[in-house]
Amino acid sequence: MLLEVKNLNAGYGFLQILRDVSLTVDTGEYVCLVGPNGAGKSTTLKTIAGLVSPMSGEILFNGEPIGSLPGNKVARKGISFVSEEMNLFVNMTVQENLAMGAYTLKDKKLQKDRLDFVYDLFPRLVERRNQLAGTMSGGERKMLAIGRGLMPNPKLLLVDEPSFGLAPLLTENVFQSLDTLVSQGVTIMVVEQNVTKTLAVTDRGYVLENGRIGLSGKSSDLACDAHVRKVFLGV
Amino acid sequence: MAEQVKKRIWERLFKWCKSLAGLTVIATVVIALLATIDRGGYVLVNTIITGGMTALVAMGLALTLGVLNIPMFAHGEYFMIGTLTAYYVFTPISTYVNTHPESALVFWGPLITVVAAMIVGALAGVISEVLVFSQLRKRSRENWVMNSFLLTVGLSVVLINAHQLFFGADFKGITRYWAGMPITVMDVYISRDRAMAFVLAAVVVAAFWFFMTYTRTGRAIRAVAQDETGALIVGIGLNGILLLTMSLSCALAAIAGAGLLFMYPSYPSVGLEPLYMAWFVVILAGLGNVLGAVMGAFMVALLKVLTIEYIGSGWDFVVPSALIIVILIFKPSGIFGSEVRGVLDK
Ligand SMILES: Nc1ncnc2c1ncn2[C@@H]1O[C@H](COP(=O)(O)OP(=O)(O)O)[C@@H](O)[C@H]1O
Ligand SMILES: [Mg+2]
């Protein structure tokens, strides 16, 4: 198992958000975590990425506990986190942002290969390579954030709300890029509020409500589940 | 192709000239030239020399603001540590050189002094970060700006009094670093010490700029300044960068202190004037804007020189202060905006 989260409790200060969250992601899988606003989806990803420290529970990556590591060490293990706020370096150019994404790669040749890979996936970024990240549109910034996350060739890509704030056409674009990545063997765990779309494209899903995992299973089954349909799809 | 590139460069240059930053820089240069024509070359020379050293102190201050989010009021004390180190290193060297005028130390002595001050300054920075700021950071990051500010005020008082206690309150100075006739530029006599002080500032600013722009570590520092979470996500260790930044910024102040020892003899509160100058610059340039601080340093220096020249030497703090108030009212983010997000944005 690539990622194993066991009975995770986490939150901010004394405020507990996640209660007994357990989930797994296997190599090559495309997994989603869906749930209503404020359920704790982002908190789950942040905790796995080492930006929020767990109160209790275990996070295993390739069987190795990573729960107590800070974000930079988690990144070095091969987990890339694309946050909801994107956390780009706004006063650096697109190319500089991508170069920072490869911070942990020492090999110049590999850096160049990864840059070509990202530019191949998002040709839009090539046109914008000398533009400051802070002056780009929402969709372009999303692409840049995902591109930066892909630079170190991560074993696991965590993406928080890829479609948030994007026009439908751009949403389609971003999801297509994720599909391409999955078909190339990248393991992805995605968090989304756009439940219909997400369940249609992913392999497996978890439903998070009030900080607890309520349901889990194959995405196609979840999409047919009566509870899910009632709560998220309003049917 | 080459045509297009040329056109693009011109367009950018034109746009920059019309921006506030461009206008201010152009205005500064024009005013400096007019004053030079009016009063003589020494106005320009003084501005450039004062500006160079101010830039060193201000860059360090901008760095602590931008990267560590600390409104540093003890920065002048690292300048003081630089003067003190330089005094104790250079005094024996100059005694030796007096009796051995052929010694290689005539040339290397001042350089050794500056390097020693730099090392001691960097160490002082490391110690302050480890003993003071990282302790606060571990305990709480709530109200960080205010709490760290209060800590720096305390640190400043402690360092000033430690100097007085261990080294005394008298003036510890040297007559000069470099012997020999003054250099003449544009009919102005410049002592060798002042000329070398400017060369030192220029070299350090250039090296620092290169470091921040082209090296992996320099880029990591800028990344932390722009987005701490983003830096963590890409694998940059925060603690190392914060420690390095603190020691860099203190080393810069100490270099300035050593470089100016011939003008500012070492005494407990010698750091106050450079501290105020640096704050003027940083507010003018935009909090945390490291490269803008270099430009701002020359503007503040010009303002100071012109005030002394046209109004009187007692006014050289009043006029810049008044200007700072005006800037804070009309353009609180500073003239150059902010290359990095400063304390106010976080
Ligand atoms: N930095 C924070 N400090 C305190 N509470 C937070 C913080 N971030 C999120 N929360 C709270 O945690 C809960 C879950 O938030 P989040 O994980 O962002 O939900 P989701 O991503 O599912 O919408 C919310 O109630 C939110 O208010
Ligand atoms: Mg969220």
Side-chain angles (χ1 to χ4, degrees), chain A residues 12-13 42 45-46 48-52 69-93 95-106 108 111 130 132-135 141 144-154 157-160, chain B residues 4-5 8-9 11-12 15-16 19 21 62 66-67 134 137-142 212-243 286-292 333-334 336-342 345-346:
Chain A
Y12 306 92
S42 299
L45 291 196
K46 282 191 219 163
I48 297 170
L51 302 177
V52 170
L69 297 182
N72 60 312
K73 299 246 169 77
V74 173
R76 280 161 194 265
K77 297 276 176 209
I79 298 182
S80 268
F81 175 40
V82 180
S83 65
E84 203 173 350
E85 307 84 27
M86 294 176 269
N87 295 104
L88 294 172
F89 307 121
V90 288
N91 283 307
M92 292 189 190
T93 62
Q95 183 128 358
E96 283 177 306
N97 266 279
L98 293 176
M100 289 315 301
Y103 183 77
T104 50
L105 296 184
K106 290 270 155 60
K108 281 266 152 44
Q111 288 179 12
N130 292 321
L132 292 184
T135 64
R141 277 193 278 178
L144 180 56
I146 296 174
R148 189 182 69 178
L150 287 169
M151 283 300 287
N153 199 6
L157 185 69
L158 306 173
V159 190
D160 199 351
Chain B
Q4 256 186 1
V5 171
R8 277 250 285 290
I9 292 175
E11 264 169 19
R12 279 226 186 136
K15 213 168 129 197
W16 179 80
S19 69
V67 181
S134 77
R137 203 174 290 119
K138 252 186 262 167
R139 280 167 181 71
S140 107
R141 299 207 68 166
E142 253 169 65
M212 290 294 279
T213 318
Y214 293 110
T215 67
R216 186 177 124 94
T217 314
R219 288 212 202 98
I221 292 179
R222 281 169 55 214
V224 172
Q226 289 177 30
D227 198 309
E228 255 182 47
T229 307
L232 271 177
I233 288 174
V234 300
I236 298 170
L238 276 188
N239 292 341
I241 293 294
L242 297 182
L243 189 64
L287 296 178
N289 181 345
V290 176
L291 297 178
S333 62
F336 299 106
S338 202
E339 203 254 339
V340 296
R341 289 194 307 164
D345 305 323
K346 289 194 180 169

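Throughout, protein chains are lettered first and strands after them, A, B, ... in sequence-line order, and every chain is numbered starting at 1.
The choice from A:Gly149, A:Pro70, A:Ala75, A:Ser80 that makes the most heavy-atom pairs within less than 4.5 Å of chain B is A:Ala75. Note on B:Ala231, B:Gly237, B:Gly230: by heavy-atom pairs under 4.5 Å with chain A, the leading option is B:Gly230.
For A:Ser42, the side-chain hydrogen bond (donor to acceptor under 3.5 Å, both in side chains) partners two or more places apart in sequence, or in a different chain, are A:Glu84, A:Asp160.
Atom CD of B:Gln226 sits about 4.5 Å away from atom CG of A:Asn91, to the nearest 0.5 Å.
You'll find the side chain of A:Leu88 stays beyond 4.5 Å of the side chain of B:Asp227, heavy atoms only.
Neither the backbone nor the side chain of A:Lys46 comes within less than 4.5 Å of any heavy atom of chain B. At a 4.5 Å heavy-atom cutoff, the contact between A:Glu96 and chain B is made by side-chain atoms alone.
Considering all non-hydrogen atoms of both residues, A:Arg76 and B:Gly235 come closest at NH2-O, 3.0 Å.
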